[in-house]
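In what follows, residues are counted from 1 in the order of the sequence shown. Only heavy atoms go into these numbers, but all of them, side chains included; no hydrogens, no water, no symmetry mates.
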Amino acid sequence: MKVTTEKLPKSLIALQIEIDRDQFERSLDQAARRLSQKFPIQGFRPGKAPRFIIERTFGREALIEEATEELINTGYRKAIKQENIEVVGPPNLDKIHSIEPFVFTVHVPVPPTVTLPDYQSIHVPLDVEPITDEMVEAALEQIREKHLTLQELDEPRPAQQGDQLQVRLKTVVEGEEEKKTEEQSEDTADDSETEAEVETDQTDDEEAGSEETLPLEPNRLVPELYEGLIGASVGEKKTIVAVLPEDHHEESLRGKKITFDVEILDIKQRIVPAWEELPALEGFNGTFEEFRAHVRENLANQERKRAEQEQLNAYIERLVEQTTFDIPDVMIRDVAHSMLHEQEQQFARYGISLDQVLQYRGVTHDQAVEELIPEAEKQVKVTLALSEVIKQEGITVSEDEIEAEIQTILESYDENQRPQVERTLRSQLRSSVANVVLDKKLRARLNAIASGNSTDTSDSSPAAPDGEGATDVTNSDEPVSRSSNEA
C-alpha cells in the first residue's frame, strides 16, 4: 500500500492512500457476498452467489460503492500503523481521487505542537499587602460576631449602640430618582391603561423598600445613618440624608448624596462575648494577645496566598500569550463538549435537565457547544502550555510525596472515617492525589520563576506509574467520516 503524508495547519496530517490491487479485489469479493445476502439471487442461497453473477446483476459500480467504506477504513487503519502516526480524534475523508486504482485522502488530527517562549524570563512582581492593625481589629470583630446572641428587650426602649435593628429600608442615590422619573414619563406617553396598572403593581414593592438587618455600630454604618438611628423607636419612620466619602469602596458612589427612608420594625439587644473569651470560643490555647498574633499570622498567610495566586494568574496569561500553538479543532471541541456536560451535572442537582435549559435558551446542543469554543480554547492552551513547562522543568511526583499528601488529607477527617477514606485515596483516587502533588509543585515553581528566583530544580525522583490518571483520547480504529467533499 502506498501512503503519502502532508502536514496541514491545526495539527492535521493529510494521508493520501493508494490501495493495493489484491486488497481492492478482496474487498470487492466481500462486497459481493454482502449484496447477495441483502438481495438473494434466484437459484443461490443468500450470500452464496458467485461474484461474477453479482457483478453482472447489479453492475461493477454498485459493487465498488458497496466496498468503498470498507476500503477506506481498512486502508486508513493500515496507513496509520504503517506510518506510525498517533491520532487524537476521528479522521475525516477529504476526497476520493480515483477508483481503479483506488486512491483517497483523509485528514487525521494528531497531537498538538507547543513552542514555549523563554518562559524563565517572564517576571511578575509579587504584590503582598502589609497587614495593618485595622485589618486585625476587623478580623477579630468578625470572629466575635460569629458568637453573638440576640436577646429580646425586657421592655420597649429607643435604639442604642450595640443593638440590632430590623428595618424596612428604601435607598435612593443622587441622580437615580430623577433618571427613573424621566424614564417613567417617556414610557407613560405610549402606555395603555392596562400597562400603567401593571407598572403600578411592579413599583409598589420598590416604593415600600426591603427588609434589612442593621447592626447599630458606628464602624458598620454610614455615619449619618448611624447617628440618625440612635434613639429611634419601633414603628418610627425616618428620612436620613448622607454624603458618601470620596474613598468609598464603590467608586461610582463616591461623593454622592444618598437618601435612606427607614421604618423601624424591631429592636433586639446584641450580646457579644468579651474579647478575652474569644480564644476559648475558637478553641485556641493561649491568651487573647497570643490569639491576636495568631489572627495576624493567618491574615498574613491569606494575603500571601492571594498575592501568589494573582502573580500565578498573570504569569500564566503572559506565558500563553507568548506561546505558539498548533491545536486540532477536535481537541478544542471535545473540551467544549465536556464543559457543557459539566454544566448538565450542575443543573441536575436542581432537577433541571440539559434539554430543558437548551429549550429555554432556544439553542441546539451543537450551538451550545459552539458558544463554549472560545473558553475551551483558552483552557486547552493553558493546559498544553503548563504541560510543556512540566516536561521542560522535569517536574515529577514520587511515591513518598503521594504518601505524604494522603496523610495530609486524612488529617482533615474524623478518626472513625479515616480507614475508609484511606482505602479510597490509595485506590480509585490515587491518581487524583498525584495530580494534587504535581499541581502544588508546579505552582511553587512558576511563582519562583515569576519572582525571578529561578534555579535548576530538575526533579529526578521517580514519577507515578506510567499511565496513572491518564486519559486515552486516541482511537485509531474509529471509522473515517465521509464529508461533503467526498468525490
Side-chain angles (χ1 to χ4, degrees), residues 3-17 72 75-77 79-95 104-122 312-340 366 369-395 435 438-439 442 445-446 449-450 466-467 469-486:
V3 180
T4 304
T5 65
E6 179 188 357
K7 183 74 173 71
L8 301 177
K10 295 191 173 182
S11 287
L12 289 175
I13 289 181
L15 292 179
Q16 183 172 303
I17 302 168
I72 291 172
Y76 161 71
R77 287 193 292 269
I80 60 173
K81 185 176 181 180
Q82 175 180 309
E83 301 298 316
N84 195 28
I85 296 173
E86 179 185 358
V87 302
V88 296
N92 187 63
L93 178 65
D94 178 47
K95 64 188 299 186
F104 64 97
T105 296
V106 290
H107 290 171
V108 183
V110 295
T113 57
V114 180
T115 305
L116 293 178
D118 180 9
Y119 62 88
Q120 294 203 13
S121 68
I122 301 175
L312 183 64
N313 292 343
Y315 178 87
I316 292 174
E317 184 176 351
R318 295 187 192 180
L319 174 69
V320 171
E321 286 174 353
Q322 297 178 35
T323 299
T324 302
F325 299 93
D326 190 31
I327 308 171
D329 288 338
V330 65
M331 179 176 284
I332 296 173
R333 182 165 290 278
D334 283 348
V335 171
H337 185 275
S338 297
M339 291 169 65
L340 179 62
D366 287 345
V369 171
E370 195 67 31
E371 291 174 357
L372 292 170
I373 290 292
E375 185 60 33
E377 183 174 3
K378 291 179 184 177
Q379 190 177 117
V380 169
K381 286 182 175 180
V382 169
T383 300
L384 291 174
L386 294 182
S387 296
E388 190 65 22
V389 171
I390 290 173
K391 186 189 306 180
Q392 293 197 20
E393 289 293 303
I395 303 174
N435 286 334
L438 184 64
D439 181 69
L442 176 61
R445 183 68 182 135
L446 294 182
I449 293 173
D466 291 341
T471 300
D472 182 10
V473 296
T474 67
N475 185 356
S476 60
D477 292 330
E478 184 137 16
V480 179
S481 300
R482 300 179 66 175
S483 69
S484 58
N485 295 327
E486 177 182 337

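A side-chain donor-acceptor contact under 3.5 Å links E393 and Q120.
Looking at residues two or more places apart in sequence or on another chain, you find no side-chain contact (heavy atoms from CB on, under 4.5 Å) involving N84.
Separation of atoms CD (E83) and OG1 (T4) is listed at 8.5 Å; rounding is to 0.5 Å. In this structure, the separation between CD on E321 and NZ on K381 is 10.0 Å, given to the nearest 0.5 Å. In this structure, the separation between OH on Y119 and CD on Q392 is 4.5 Å, given to the nearest 0.5 Å. Between the CD1 atom of I390 and the CG atom of L438 there is a distance of 4.0 Å, given to the nearest 0.5 Å. Atom CG of D439 sits about 9.0 Å away from atom CG of L386, to the nearest 0.5 Å. Rounded to the nearest 0.5 Å, atoms NZ (K378) and CD1 (I316) are 14.0 Å apart.
Between S11 and T113, the shortest heavy-atom contact is OG-N, 3.8 Å. Closest non-hydrogen pair, F104 versus Y76, comes out as CZ-N, 4.2 Å. Contact detail for V3 and A79: the closest heavy-atom pair is CG2-CB, 3.9 Å. For I332 against A376, the heavy-atom pair with the smallest separation is O-CB, 3.6 Å. Residues I85 and L15 come closest through the heavy atom pair CD1-CD2, 3.5 Å. Here the closest heavy-atom approach between residue P328 and residue P112 is recorded as CD-CB, 3.9 Å.
No donor-acceptor distance shorter than 3.5 angstrom exists from the side chain of N92 to the backbone of H107, with no hydrogens or angles considered. Of the possible donor and acceptor atoms, none in the side chain of D94 sits under 3.5 Å from a partner among the backbone N and O of T105.
The side-chain heavy atoms of E6 and Q16, taken from C-beta on, include no pair separated by under 4.5 Å. V114 places a side-chain heavy atom less than 4.5 Å from the side chain of T323.
A salt bridge is absent between D366 and R333: the closest approach of a Lys/Arg side-chain nitrogen to an acidic carboxylate oxygen does not fall below 4.0 angstrom.
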Verify side-chain contact (heavy atoms from CB on, under 4.5 Å) between L442 and V389, making sure each step is shown before the conclusion. CA-CA 9 Å; L442 176 61; V389 171; 4.3 Å; yes
Using side-chain contact (heavy atoms from CB on, under 4.5 Å), reason through K7 and D326 one step at a time and then give a plain yes or no. CA-CA 11 Å; K7 183 74 173 71; D326 190 31; 3.1 Å; yes
Give the C-alpha distance, both sets of side-chain angles, the deciding distance and a yes or no for side-chain contact (heavy atoms from CB on, under 4.5 Å) between I327 and V380. CA-CA 9 Å; I327 308 171; V380 169; 4.1 Å; yes
Carefully, step by step, assess F325 and V320 under the rule side-chain contact (heavy atoms from CB on, under 4.5 Å). CA-CA 9 Å; F325 299 93; V320 171; 4.1 Å; yes
